[in-house]
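First the structure, in the form of structure tokens, and then the observations on it.
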Amino acid sequence: MTREKNVLVTGGAGYIGSHTIVQLVENGFNPIIADDFRNSDISVLKGLEQITGRKIVHYDLDVCNYIELKSIFKNHSIAGVIHFAADKAVGESVSNPLKYYKNNIGGLVNVLELCSEFEIENFVFSSSCTVYGEPKEEKEVSESTPLSKANSPYGNTKLVGEQILLDLHNSGARMNILSLRYFNPIGAHPSGLIGELPVGKPNNLLPYVTQTAIGKQNELTVFGKDYPTPDGTCIRDYIHVCDLAEAHVKAILLLQQKESNFIDQVNIGTGKGTSVLEIINSFERLTGEKLNWKFGPRREGDVVEIYANVSKSFELLNWKCKYTFEDAIEHAWSWEKNLAQHA
Ligand code: UFG
């Protein structure tokens with residue numbers, strides 16, 4: 001395999017990471033996973049093998065461990081890095097901020113130091129629409145929408161992460177960098193062989209919905225019913241995880257075409273806002289399941305309404321979503337049912 005095809009994927013066993021591995025293989029790349037499985041399960045490797053028809057090279061390590069991580073750069077000639085490895089629970093980041101700064105910022109700096117040392121040319125960073133905070137008037141945010149002060153340490157690690165990359169770029173680093181600002185990934189691979197595997201109680205809406213429907217959770221609580229939106233519940237831009245994964249392949253392909261010292265940031269969403277109640281109603285309609293849910297108080301720190309302006313992602317990456325919102329719900333449900341069957 002030639003060097004241009006080797007892509008190191010930190011956090012490659014995680015939810016978005018694992019779906020990105022599939023897309024990389026399907027597009028002729030040779031992904032190498034670095035993941036310590038703290039927030040994923042080793043069984044994902046089997047699912048990846050079944051889908052791709054081959055073994056994926058993986059290293060069981062913490063990206064904060066410089067020495068161990070360095071061994072990957074020594075063992076493989078790497079063309080690009082996609083850096084997912086990070087903690088992502090907003091609430092936990094408020095109660096344990098140092099964990100987030102250590103892993104999300106420390107890990108990023110470690111990976112970047114090694115990228116500099118080994119002259120890695122291409123770097124893709126997992127950012128988040130959390131960098132926009134609560135949009136002021138216009139709920140559709142574009143990349144030129146001003147960034148907002150973070151409302152959690154987790155959010156701050158994404159803002160600071162982007163800033164670190166800008167500073168590195170401004171220092172003249174010979175590296176092409178793209179930050180992908182994800183909206184809300186949902187769904188699972190259509191095969192039902194990989195999907196989201198929340199550790200403990202899910203924090204995010206869709207896994208909570210599917211786990212309630214399957215009986216793992218008793219009841220879903222809808223956080224707030226009196227928001228200034230048409231049905232009173234919060235609005236997000238839910239994107240199929242396979243579409244989001246494909247954007248990473250497009251990102252690597254774009255960076256490989258650039259002269260060194262390129263940097264940019266791009267939204268990765270669908271451009272469409274959907275409310276919590278719309279998710280619940282669609283889930284019931286599409287699956288025929290009756291969901292046990294109730295209204296509860298607002299969740300602290302929730303953004304009321306946000307969705308992506310997707311013009312730049314289309315122009316820059318020549319990418320747009322292939323899956324519908326309905327596909328994502330159906331695939332998430334197939335995945336949950338598969339998990340139940342094999343439990
Ligand atoms: N929600 C419920 N009940 C639940 C879970 C969620 O009503 O049990 C609601 C939330 O209040 C929100 C919507 O469903 O209105 C979506 O919530 P998620 O937790 O699924 O997603 P968020 O948009 O809050 O969080 C996501 C990412 C974070 C990121 C944040 C902002 O999961 O990592 O977007 O970018 F920080």
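Just so it is clear, the values below take in all heavy atoms, side chains as well, and ignore hydrogens, waters and symmetry mates. The structure presented is a predicted model; accordingly, all values stated were derived computationally and were not measured. Numbering of ligands and ligand atoms starts at 1, following listing order.
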query: Does Leu98 sit in a hydrophobic cluster with other residues, and if so which ones, taking ILVMFWY side chains as linked at heavy-atom separations under 4.5 Å, directly or through other members?
result: none

field: Donor + acceptor pair across side chains of Asn204, Tyr15 (<3.5 Å)
entry: no

task: For residues 197-244, pull every pair meeting ring-ring contact (aromatic ring centres under 6.0 Å, His included), keeping only residues two or more places apart or in separate chains.
output: His240-Tyr323, His240-His331

- request: State, to 0.1 Å, how close Lys158 and Ala86 come at their nearest heavy-atom pair, and which atoms those are.
  value: NZ-CB, 4.1 Å

- line: Minimal heavy-atom distance between Pro153 and Pro97, with the atoms involved, is CG-CB, 3.9 Å

Tabulated below should be the N or O atoms of ligand 1 paired with protein N or O atoms at under 3.5 Å; can you produce that?
| residue | atom | partner | partner atom | Å |
| --- | --- | --- | --- | --- |
| ligand 1 | 3 (N) | Thr221 | O | 2.8 |
| ligand 1 | 7 (O) | Thr221 | O | 3.4 |
| ligand 1 | 7 (O) | Phe223 | N | 2.9 |
| ligand 1 | 11 (O) | Asp302 | OD2 | 2.4 |
| ligand 1 | 17 (O) | Arg299 | NH2 | 3.4 |
| ligand 1 | 19 (O) | Asn203 | O | 3.4 |
| ligand 1 | 19 (O) | Asn204 | ND2 | 3.2 |
| ligand 1 | 19 (O) | Arg299 | NH1 | 3.4 |
| ligand 1 | 19 (O) | Arg299 | NH2 | 2.9 |
| ligand 1 | 20 (O) | Asn204 | ND2 | 3.2 |
| ligand 1 | 20 (O) | Leu205 | N | 2.8 |
| ligand 1 | 21 (O) | Asn184 | ND2 | 3.1 |
| ligand 1 | 23 (O) | Asn184 | ND2 | 2.9 |
| ligand 1 | 23 (O) | Arg236 | NE | 2.5 |
| ligand 1 | 24 (O) | Arg299 | NH2 | 2.9 |
| ligand 1 | 32 (O) | Asn204 | ND2 | 2.7 |
| ligand 1 | 33 (O) | Tyr154 | OH | 3.3 |
| ligand 1 | 35 (O) | Ser128 | OG | 2.9 |
| ligand 1 | 35 (O) | Thr130 | N | 3.0 |

- request: Please list all pairs passing the ring-ring contact (aromatic ring centres under 6.0 Å, His included) test where one or both residues lie in residues 242-285, with sequence neighbours left out.
  value: Phe84-His248, Tyr182-His248, Phe283-Trp333

